Asks: 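Have a look at the structure that comes next, please.
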Amino acid sequence: MFTIWALDKVLVPEHAIKVFSGFYGLNLTTNTLIAMGLAQLAFIAAFTLGLWKNITYFAVLVLHAGSTFSSFAKYLDPFSNLLFFAAWPMLAACLVLYLLRDYDSWTLGKAHFLEQREEANN
């Protein structure tokens, strides 16, 4: 979802302006949103590649938690806002990914437990 929202800022900043105004009460310019979207895409690339896991995984957790909790009013009318409930399992997944980041060996960032295993074998 982060990628879609980043692309929204870059490709359709008018929509992103409405979202920021409606959800967060912020009035941002088109150029500001495009710059934010490009920075977000670079960040997403680092996260996806598993670079700087302590920082990127935690940032994704915090950003998704902020997004989830800022929509709290939507959860009070559940049958009008069913899609918002998908944020909760995603938040749980972000938390688990952050907590188990040292065991993530499927990324470019070398996993901590692999380093320890190599040291133990030497």
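On a predicted model such as this, the values are computed, not experimentally measured, just so you know. Residue indices begin at 1 and follow the sequence shown.
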Asks: Using modelled atom types only, decide if a donor and an acceptor are shared between the side chain of Asp8 and the backbone of Val10 within a distance under 3.5 Å.
Replies: no
Asks: Determine whether Phe23 and Lys74 satisfy the following criterion, side-chain contact (heavy atoms from CB on, under 4.5 Å), listing intermediate values before the conclusion.
Replies: CA-CA 11 Å; Phe23 274 92; Lys74 300 288 186 187; 4.1 Å; yes
Asks: Given Lys53 and Thr107, is the side-chain contact (heavy atoms from CB on, under 4.5 Å) satisfied, shown in steps?
Replies: CA-CA 10 Å; Lys53 291 178 188 179; Thr107 59; 3.1 Å; yes
Asks: Checking His64 side chain against Ala87 main chain: does a donor-acceptor pair fall under 3.5 Å?
Replies: yes
Asks: Rounded at 0.5 Å granularity, tell me how far CG in Leu91 sits from CG in Leu61.
Replies: 6.5 Å
Asks: Do Leu100 and Val96 come within less than 4.5 Å of each other through their side chains, counting heavy atoms only?
Replies: yes
Asks: Return each pair, listed once, that meets ring-ring contact (aromatic ring centres under 6.0 Å, His included) where at least one residue sits in residues 25-46; pairs must be two or more places apart or across chains.
Replies: none
Asks: Got a sec: does the CG of Leu83 have more than 12 other heavy atoms crowding it under 6.0 Å?
Replies: no
Asks: Kindly compute the distance separating CG (Leu33) from CG (Leu11), expressed to the nearest 0.5 Å.
Replies: 12.5 Å
Asks: Are Leu7 and Ile34 linked, directly or through other ILVMFWY residues, by side chains that come within less than 4.5 angstrom of each other?
Replies: yes
Asks: Indicate yes or no for a side-chain donor-acceptor contact from Ser67 to the backbone of Leu63 under 3.5 Å, with no hydrogens or angles considered.
Replies: no
Asks: Using only atom types and a distance under 3.5 Å, with no angle test, would you say the side chain of Ser21 pairs donor to acceptor with the backbone of Ile17?
Replies: no
Asks: Working to the nearest 0.5 angstrom, can you tell me the gap between Phe79 CZ and Phe85 CZ?
Replies: 8.0 Å
Asks: Verify the cluster assignment for Leu41 and Phe2: are they in a single hydrophobic cluster under the rule of side-chain heavy atoms below 4.5 Å apart?
Replies: no
Asks: Is it true that Met90 and Val62 fall in one hydrophobic cluster, defined by side-chain heavy atoms closer than 4.5 Å?
Replies: no
Asks: Ignoring hydrogens and angles, tell me if any N or O in the side chain of Thr56 forms a donor-acceptor pair with the backbone of Leu51 under 3.5 Å.
Replies: yes
Asks: Determine yes or no for a side-chain-to-main-chain donor-acceptor pair under 3.5 angstrom, with Tyr24 supplying the side chain and Val19 the backbone.
Replies: no
Asks: Less than 4.5 Å apart, any side-chain heavy atom of Thr48 and any of Ile44?
Replies: yes
Asks: Report the relative orientation of the aromatic rings in Phe58 and Tyr98; use parallel for angles under 30°, tilted for 30 to 60°, perpendicular for over 60°.
Replies: tilted
Asks: So that I know where these two stand, are Tyr75 and Trp88 an aromatic pair - ring centroids less than 6.0 Å apart?
Replies: yes
Asks: I need the Gln40 CD to Thr3 OG1 distance, nearest 0.5 Å.
Replies: 8.0 Å
Asks: Donor-acceptor check, side chain of Asn81 to backbone of Asp77, threshold 3.5 angstrom: yes or no?
Replies: yes
Asks: Are the side chains of Phe20 and Lys9 in contact, using a 4.5 Å heavy-atom criterion?
Replies: yes
Asks: Once you round to the nearest 0.5 Å, how far does CG of Asp102 lie from OH of Tyr57?
Replies: 10.5 Å
Asks: Can you confirm whether Phe47 sits close enough to Leu97 that some side-chain heavy atom of one is under 4.5 Å from a side-chain heavy atom of the other?
Replies: yes
Asks: Mind checking whether Trp106 and Leu99 sit in one hydrophobic cluster, side chains of I, L, V, M, F, W, Y counted as touching below 4.5 Å?
Replies: no
Asks: Evaluate the side-chain proximity of Glu14 to Val12: yes if any heavy-atom separation is below 4.5 Å, no if none is.
Replies: yes
